[in-house]
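What you see below is based on every heavy atom in this structure, not just the backbone, and it leaves out hydrogens, waters and symmetry mates.
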Amino acid sequence: MYHLVAGLYPICRSITGNGVRATLKRLTGIVPLAIHEVPSGTPVFDWVVPKEWNIRDAYVKDSLGTRVVDFHRSNLHVLNYSIPIRRRVSLPELREHLFSSPEHPDWIPYRTSYYKENWGFCVSQNQLSALKEEEYEVCIDSSLEEGHLSYGEFYLRGASEDEVIISCHTCHPSLCNDNLSGLALVAFLAKHLSTFSLRYSYRFLFIPGTIGAITWLALNEEKTSRIKHGLVVACVGDGGGFTYKKSRRGNADIDRAAAYVLRNFGRDYKIVDFSPYGYDERQFCSPGFDLPVGSLTRTPHGHFPEYHTSADNLSFVAPEHLSDSLLAYLSVLNVLENNRRYVNLNPKCEPQLGRRGLYEAIGGNADVKSSELAMLWVLNLSDGHHTLLDICERAALPFDVILSTARVLLSHQLLEICEGDCE
Amino acid sequence: MYHLVAGLYPICRSITGNGVRATLKRLTGIVPLAIHEVPSGTPVFDWVVPKEWNIRDAYVKDSLGTRVVDFHRSNLHVLNYSIPIRRRVSLPELREHLFSSPEHPDWIPYRTSYYKENWGFCVSQNQLSALKEEEYEVCIDSSLEEGHLSYGEFYLRGASEDEVIISCHTCHPSLCNDNLSGLALVAFLAKHLSTFSLRYSYRFLFIPGTIGAITWLALNEEKTSRIKHGLVVACVGDGGGFTYKKSRRGNADIDRAAAYVLRNFGRDYKIVDFSPYGYDERQFCSPGFDLPVGSLTRTPHGHFPEYHTSADNLSFVAPEHLSDSLLAYLSVLNVLENNRRYVNLNPKCEPQLGRRGLYEAIGGNADVKSSELAMLWVLNLSDGHHTLLDICERAALPFDVILSTARVLLSHQLLEICEGDCE
Amino acid sequence: MYHLVAGLYPICRSITGNGVRATLKRLTGIVPLAIHEVPSGTPVFDWVVPKEWNIRDAYVKDSLGTRVVDFHRSNLHVLNYSIPIRRRVSLPELREHLFSSPEHPDWIPYRTSYYKENWGFCVSQNQLSALKEEEYEVCIDSSLEEGHLSYGEFYLRGASEDEVIISCHTCHPSLCNDNLSGLALVAFLAKHLSTFSLRYSYRFLFIPGTIGAITWLALNEEKTSRIKHGLVVACVGDGGGFTYKKSRRGNADIDRAAAYVLRNFGRDYKIVDFSPYGYDERQFCSPGFDLPVGSLTRTPHGHFPEYHTSADNLSFVAPEHLSDSLLAYLSVLNVLENNRRYVNLNPKCEPQLGRRGLYEAIGGNADVKSSELAMLWVLNLSDGHHTLLDICERAALPFDVILSTARVLLSHQLLEICEGDCE
């Protein structure tokens, strides 16, 4: 995953354009993405797919012709979605188009102007301070024209048409944690899940933030009723603890599964309520959809100083954090895949476990074995109302113990799976 | 309000009689009350409107003819509703008809005997101790005869027939906090609200305690189904913190609105559960009505030592406490008036706020402006289920911010008001 | 009760056999039990009634002919349900059939092998250590043959066919707290309740653990719908605090009644959630029955070191603990018997209590008498939805005060009992 992040880092991405296409193409090397191209001008709910933006070069030259700001040194230097410009400007005029971050004088901030035509440069505070009162040549060799919005989609068919949606935003340029880490995690998660026989179908979306989610939802509205669980993936490569942000519903299965996993994962974690500010859970959880979609991150966006600056670079993320995050995602999906309801086929009194070799023959001990206790819990609560996660929480036993116990009881015809709405 | 309290202070009130009439007449100078007269003997549920009581004079004279207890010094001196009497009595016999309060030897307690014919005097402990073993002349020049129970009512028509009921008890003689403060607050609250265009209709009741509420409810039973919210007003002039006593329902809108206001009012406050002891919320919240009526007071009745004694006088209440209390009432009513449900007209994904000038054009900042966050919250939760108060509590933003945000969104046709039961 | 425990202590009981019969016979001297005999081989849900076990003698003799383990010294010495055997064995072979408890070297543990044919002896660790390398003669003079499972049942008819079930296990040999204490308590509870006129019918079961409950439920399934409340009685003679284990439902009336009593009983107590491990509540609370049956004990089984050892003897239980436990049971049943719903016959406003002599004639005091407050609470909440226990918890007044208040109001025709489902 880190290798993939490093490979994608130099590319200048935005919500549209060739940088996104190059990124998606690279991802097809890992997982066979379908790449969709949606024409500029397509109406998507209250929005319209914007013109496509591409950029080749951008700089500010001083009177000696030296590039004091140079897109080729960092693609963050250009205000993302800047219109083309080539002019001579005085320092005061230039300043109106410069963005800097005084708190961290070495860092270049990341700024965008997607929906209002504008031009500008993002510079470090030190660069800004060093500018002298003279005339500058500014050049942004970009284009903003009718074109397409590109996104990637990978659909993995499971036993059921019910879907889990896993979404990440592809629009950020050279920023590693937000969100090359998310791209890499989703690609490898998809690759890994492809090797298993799955209960749910999985849909992995590689979309530009906001407009991508809106576009996908507008063009795929009929599919949304199949979405049973979902996660928005971002900021999964830093060394901070985990944060799970609940879905708008607050008590969806995904919320309970993520909370269970984090409680038992052995790392610092926080669980926060839904709020309508954040990443694409904003769209998935808008009131007209209200999908059960949460977001699992390390340090959430906006809560680390490097966020949206040039300091969110390859040294801010690490392979072990990425793999730890992948493991957390797999653990959550493991719970979802296996969190069924069962029905006890001998619901009146306990079945005779001893006869089946499932219960100790010698009685009278003060303690019960935990394997036997797990069987008693699963039998007692398998009434079609309790999921395995309900049982594991009530019994205070690990999910995997409850799951393997259910499988043993199933193999002895003591349980059956509760299909559909037996609740 | 303090001026009104001072003007009403000398009048001897009771549950019936000319003192109440004089009080109501004075109030008509502030707000155009209708004054109702209900004949003695009228059956009102399990009760009967009692005979009317009036008093001109009352005293205890010692053997020298000196008035050692004198109604004209304080109308608290007479046991309220005493039957007429003029007799010579020994000290031991007199003592059986004297009420005092040993803990505060200077204070005259307030005692009543409305429903059992009796006579008596309330005296300070010092007065009692000074009485010598001799014969006394007692005189209570009162009348207890067929007459009327008088109460005042002011109805303010709003856009809807749904009503807010605001009730205060008028029966206490020279006692300021309990409840001349309540009379004054309700009169000025009514006057103030008269100048506004209102959503709800308001009914202000100036009634004697217990029998007045029972009488009003018995004679106006058909109106009670329109009562959507209500408050019983008492003890609002002292310097203590606020106490809100919840309605019997415990989670009525009035309970939530009052709790919200007190949490944010910047004063000490307590919120207490309903109990069936107190003032006229006892009747409004009896199980056959179970109206959403709470009570907002400063220090509640019975919890300040001056309660029901001559020390609840003009120096116990203060203009600034009265106006502070009025402000709290207005704040609660402001929430009720504006606490509507709205429906997001673009419920699928977020609407494009930037296009409407409602969202910052430059993206990428770590922080969202609180005005933008408020818009996102209102849009996300305006699904016809959440009131503005729900949204303000979930967003942890002030009600007024949420309200003004809803108005902005309404003006951009992004919301519409949810009329009736769209829930 | 202690005398009964002492009388039953020497008898060797098991899940079947003459020891149980002798025990039940002794109990008929206190309460007229019906004794039921269920033939071996009877199918009971997933189980079958086992063969009947009886034992006359058992020993291990050393090479000198000395009984180094002797059933007549303690019936715990034999592995309960051992098959008959008479053989010479080496020490290593013998050891495979010996059970001891190293943590308490003087104590003989209690072990069973009901459902797998086996033989063995339970010995103290000291006995085990003293065995020399030589040949031993082992003899278990038992029989395991077609016969019966015996249990006792006493049914006490109350005004309603709705039942309270009180169950205790009869299968343990010379162990006092677990569960001769339970047998004694249930016998005396039944005897005591026989002298009262009762609302509920009561069914007292003296059954062997697990198989007895399964057998009773299998043969009496049609009666289970009448069971409205139930308690499993065990370990009620030790000096520990009380423990109430909730029913599977967790909020059944029995759970609330027991919690109320323990909160007010003045002893240490714990209330624990249902778990499917324990005594016969496992069967009563299996998902196919899910009966409202909890368990009220002192120190629960497995939580005292003497549990299932020879140290659970006559000095481990005490008369005062038994009587204290009986009192707790009677208190819980008192709540259940009296925990009705009432309807206020004057639900609109308060009735005029003063006219009926129920309310103080002199008004104006800061405090209300608690008897008057209790009346106001009962009247306010007697709407057919609240039980007396609901009222007592909301009013924070003792159940007996609320109950006697309801009776006073009933006698004044201010309430009526809510029969059936008036809720």
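Using a 4.5 Å cut-off between heavy atoms, His301(B) makes no contact with chain C at all. For Asn346(C), the part lying under 4.5 angstrom from a heavy atom of chain B is the side chain only. If you measure heavy-atom distances from Ile211(B) to chain C, you find no contacts under 4.5 Å at all. With a threshold of 4.5 angstrom between heavy atoms, Ile214(B) approaches chain C through its backbone and through its side chain. Looking at Asn118(B), the atoms closer than 4.5 Å to chain C (heavy atoms on both sides) all sit in the side chain, from C-beta outward. Proximity to chain B involves both the backbone and the side chain of Leu381(C), based on heavy atoms less than 4.5 angstrom apart.
Most heavy-atom pairs under 4.5 Å with chain B, from the set Ser382(C), Gly354(C), Gly364(C): that is Gly364(C). Counting heavy-atom pairs under 4.5 Å between each of Phe289(B), Phe99(B), Tyr277(B) and chain C puts Tyr277(B) at the top. Taking chain C as the reference chain and counting heavy-atom pairs below 4.5 Å, the highest number among Glu221(B), Lys116(B), His303(B) is found for Glu221(B). Among the candidates Cys285(B), Ser286(B), Pro276(B), the residue making the largest number of heavy-atom pairs closer than 4.5 Å to chain C is Pro276(B). When the candidates Asn344(C), Leu373(C), Asn365(C) are compared by the number of heavy-atom contacts under 4.5 Å with chain B, Asn365(C) comes out ahead.
Using a distance-only test at 3.5 Å, with no hydrogens or angles considered, a donor-acceptor pair links the side chain of Trp47(B) to the main chain of Glu350(C). Judged by distance alone, the side chain of Ser247(B) and the main-chain N or O of Ala252(B) form no donor-acceptor pair under 3.5 Å.
A cation-pi arrangement, defined by a distance under 6.0 Å to the six-membered ring centre and an angle within 45 degrees of its axis, is present between Arg298(C) and Phe242(C). Annotation: cation-pi geometry satisfied between Lys245(C) and Phe274(C) (NZ/CZ under 6.0 angstrom from ring centroid, within 45° of ring axis).
Contact between Cys168(B) and Leu183(B) at its shortest, heavy atoms only, is SG-CD2, 3.4 Å.
Electrostatic pairing of Glu281(C) and Arg248(C) does not count as a salt bridge here, judged by no charged N lying under 4.0 Å from a carboxylate O. Between Lys246(B) and Asp255(B), no side-chain nitrogen of the basic residue sits less than 4.0 Å from a carboxylate oxygen of the acidic one, so the salt-bridge criterion is not met.
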Dump the intermediate steps for salt bridge (Lys or Arg N to Asp or Glu O under 4.0 Å) on Arg203(B) and Glu153(B), then the final yes or no.
CA-CA 7 Å; Arg203(B) 190 176 299 276; Glu153(B) 185 167 6; 2.6 Å; yes
